[in-house]
Undergrad: 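I'd like to ask you about the structure that follows.
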Amino acid sequence: MPVNQAVVLLGFREAKVFLLKGFMKNDVETRIIHDRRLIRSCDGQKGKGTERHDFFRDVVRSLDGSLEWLILGNRSSCFGLLMYICHQKLESRVVGVEAIDVPTDADVLSRARDYFAKHDEVVAWQQLPEHSSDR
C-alpha cells in the first residue's frame, strides 16, 4: 500500500518521521534521523555549513515519496526544514507546519490523523464545482 501522508517531528538534533499507511494504530512506520553534528571532526569546524543541510536532506529522503507532509517541532527547526523544502521546490507537498512542545508519539499520530482528515475534507470541498476557482 503506498504511503500518501507523512509527519515529521523535529526534535533536538533528531527527527522522527511517521509514514502513515492507514488509519489503524499499526499502520505506521517510524524512522529516526539523527543530525550528523553529533559526530564532529577534531577541529569542530569542518563541514559546519553543510551538516544542517545534510540533516534536512536526510529527513526529506526519509519521506519516501509520500505526497502530503505535516511538519511539527520547534520554530527554528521547522523553519529550517521548510526553507530546505522550498529550495528543493517540494513545497507543494507540505500541508501544514506547527510549532509544538515535546509530544508523545501517540499525541503526534492523533494530531496528524485529525489534521489530515480535516485537510482531506477541505480539498474535497474545494473540488466541488460550485467552489471551484475556474469560473
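Keep in mind that this is a model prediction, so the values were computed, not measured.
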Undergrad: Could you note down all residue pairs passing ring-ring contact (aromatic ring centres under 6.0 Å, His included) where residues 85-109 supplies at least one of them, sequence neighbours left out?
TA: none
Undergrad: Do V60 and W69 come close enough that some side-chain heavy atom pair is under 4.5 Å?
TA: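 They are in side-chain contact.
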Undergrad: Return each pair, listed once, that meets salt bridge (Lys or Arg N to Asp or Glu O under 4.0 Å) where at least one residue sits in residues 83-95; pairs must be two or more places apart or across chains.
TA: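 Output for this query is empty, none listed.
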Undergrad: Which residues pass the side-chain contact (heavy atoms from CB on, under 4.5 Å) test with R75, not counting sequence neighbours?
TA: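 Partners of R75 by the side-chain contact (heavy atoms from CB on, under 4.5 Å) criterion, ordered by chain and then number, come out as A99.
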Undergrad: Can you see which heavy atom on V108 is nearest to which on F18, and at what distance?
TA: CG1-CE1, 3.7 Å
Undergrad: Report whether Y84 and L90 are members of the same hydrophobic cluster (ILVMFWY, side-chain heavy atoms less than 4.5 Å apart, transitive linking).
TA: yes
Undergrad: About how many Å separate OG1 of T30 and CG of L20, when rounded to the nearest 0.5 Å?
TA: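 L20 CG to T30 OG1: 9.0 Å, rounded to 0.5 Å.
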Undergrad: According to side-chain contact (heavy atoms from CB on, under 4.5 Å), who are the partners of I100, at least two apart in sequence or on a separate chain?
TA: L9, L72, E98, P103, R111
Undergrad: Drop me the distance from L81's CG to I71's CD1, to the nearest 0.5 angstrom.
TA: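 Reported to 0.5 Å precision, the distance equals 4.5 Å.
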Undergrad: Side-chain heavy atoms under 4.5 Å apart, restricted to Ile/Leu/Val/Met/Phe/Trp/Tyr: what other residues fall into the cluster of M83, or is it alone?
TA: F79
Undergrad: Looking only at heavy atoms, which two atoms of F55 and I33 are closest? And how far apart?
TA: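 Scanning both residues completely, I find the closest heavy atoms to be CE1-O, 3.6 Å.
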Undergrad: For N74, give me all partners under side-chain hydrogen bond (donor to acceptor under 3.5 Å, both in side chains), at least two apart in sequence or on another chain.
TA: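 Residues passing side-chain hydrogen bond (donor to acceptor under 3.5 Å, both in side chains) with N74: S76, S77.
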Undergrad: Do you know the tightest heavy-atom contact between L63 and A6?
TA: CD2-CB, 3.7 Å
Undergrad: Hey, could you give me the CZ/OG distance between R57 and S62, rounded to the nearest 0.5 Å?
TA: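 Taking CZ in R57 and OG in S62, the distance rounds to 11.5 Å.
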Undergrad: For the CG atom of N4 and the CG atom of L67, what is their distance to the nearest 0.5 Å?
TA: 5.0 Å
